[in-house]
Amino acid sequence: MNKTILITASILGLIAIILGAFGAHGLKELITPEAQKSFETGVRYQMYHAILLLFVGSSSLIAKKFKTVIYYFVVFGTLFFSGSIYGLATNSLSAFDFKAIGFITPIGGFLFILAWSLLIMNFSKTEVKSS
């Protein structure tokens with residue numbers, strides 16, 4: 001599972017960098033400044049959670065059962081939260097009305113909250129040896 005988490009984290013980080021550059025340069029003339037700011041929020045949260053997964057996948061302080069659930073919460077949280085923000089920010093460029101699925105943005109945010117809460121639960125149950 002650690003390898004899967006680390007590969008996923010790397011892919012999410014790579015995509016965040018690509019989308020960040022695309023948003024800053026490719027979309028600059030195509031969407032409003034407000035939409036650009038929203039797009040940047042999606043990129044920022046995607047990168048935060050890619051970094052979280054790098055930590056989760058490489059830490060021996062997190063129990064396997066917590067790692068698995070955190071992994072799925074973060075992956076689906078990113079798809080729902082950042083993905084829906086990307087769609088909403090670029091809504092004017094698409095024939096599909098992303099406003100129809102805008103309700104999944106807070107679901108993604110809630111999944112992020114659950115992932116971080118599980119991390120807290122894991123650490124509260126973990127005995128850390130002092131050196």
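Only a predicted model underlies this, so the values are computations on that prediction, with no experimental measurement involved.
- Under the 4.5 Å side-chain heavy-atom criterion for ILVMFWY residues, no single connected hydrophobic cluster contains both Leu19 and Val75.
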Distance-only check: which donor-acceptor pairs under 3.5 Å involve side-chain atoms of residues 27-40, not counting sequence neighbours?
| unit_1 | atom_1 | unit_2 | atom_2 | d |
| --- | --- | --- | --- | --- |
| Thr32 | OG1 | Ala35 | N | 3.0 |
| Gln36 | NE2 | Lys28 | O | 2.9 |
| Ser38 | OG | Glu34 | O | 3.4 |

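- Paired with Phe81 under the rule ring pair (Phe, Tyr, Trp, His ring centres under 6.0 Å), one option of Phe103, Phe112, Phe73, Tyr48 passes, and it is Phe112.
- Separating the CD1 atom in Ile120 from the OG atom in Ser124 is a distance of 8.5 Å, to the nearest 0.5 Å.
- Considering every non-hydrogen atom in both Ile62 and Lys67, the closest pair reads O-CE, 3.3 Å.
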Give every donor-acceptor pair under 3.5 Å between a side-chain atom in residues 50-61 and any protein atom, sequence neighbours left out.
| unit_1 | atom_1 | unit_2 | atom_2 | d |
| --- | --- | --- | --- | --- |
| Ser58 | OG | Leu54 | O | 2.7 |
| Ser58 | OG | Phe55 | O | 3.4 |
| Ser59 | OG | Leu61 | N | 3.0 |

Point to revise | Audit row: Thr90, Ser94, side-chain contact (heavy atoms from CB on, under 4.5 Å) steps and yes/no | key: CA-CA 7 Å; Thr90 60; Ser94 171; 5.8 Å; no
Check your understanding: Given Tyr72 and Leu111, is the side-chain contact (heavy atoms from CB on, under 4.5 Å) satisfied, shown in steps?
Key -> CA-CA 9 Å; Tyr72 285 112; Leu111 291 173; over 6 Å; no
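- Taking hydrophobic clusters as Ile, Leu, Val, Met, Phe, Trp and Tyr residues chained together by side-chain heavy-atom distances below 4.5 Å, Tyr86 shares a cluster with Leu93.
- Put simply, the side chain of Arg44 reaches to within 4.5 Å of the side chain of Thr41, judged on heavy atoms.
- Leu14 contributes atom CG, which lies 4.0 Å from atom CD1 of Ile18 (distance to the nearest 0.5 angstrom).
- Ring geometry for Tyr45 against His49 counts as parallel: the plane angle stays under 30°, on a 0 to 90° scale with 60° as the upper cut.
- The only option from Thr4, Thr8, Asn2 that meets the side-chain hydrogen bond (donor to acceptor under 3.5 Å, both in side chains) definition with Tyr71 turns out to be Thr8.
- Note: the hydrophobic cluster containing Leu12 also contains Ile5 (ILVMFWY, side chain heavy atoms under 4.5 Å, direct or indirect links).
- Linking Ile, Leu, Val, Met, Phe, Trp and Tyr whenever their side-chain heavy atoms come within less than 4.5 Å puts Phe22 and Ile15 in one cluster.
- Side-chain contact check for Leu118 versus Leu114: every heavy-atom pair is 4.5 Å or farther apart.
- In this structure the side chain of Thr105 never reaches within 4.5 angstrom of the side chain of Phe80, judged on heavy atoms.
- In this structure, CD in Gln46 is found 6.0 Å from OG1 in Thr78, a value given to the nearest 0.5 Å.
- Closest approach of Met47 and Ala16 over heavy atoms only: CE-CB, 3.8 Å.
- Checking Asn91 against Lys99 by side-chain atom types alone, no donor-acceptor pair falls below 3.5 Å.
- Leu119 is listed as a side-chain neighbour of Ile70, based on a closest heavy-atom distance under 4.5 Å.
- Inter-residue side-chain proximity for Phe76 and Ile107 is flagged as unmet; no heavy-atom pair is nearer than 4.5 Å.
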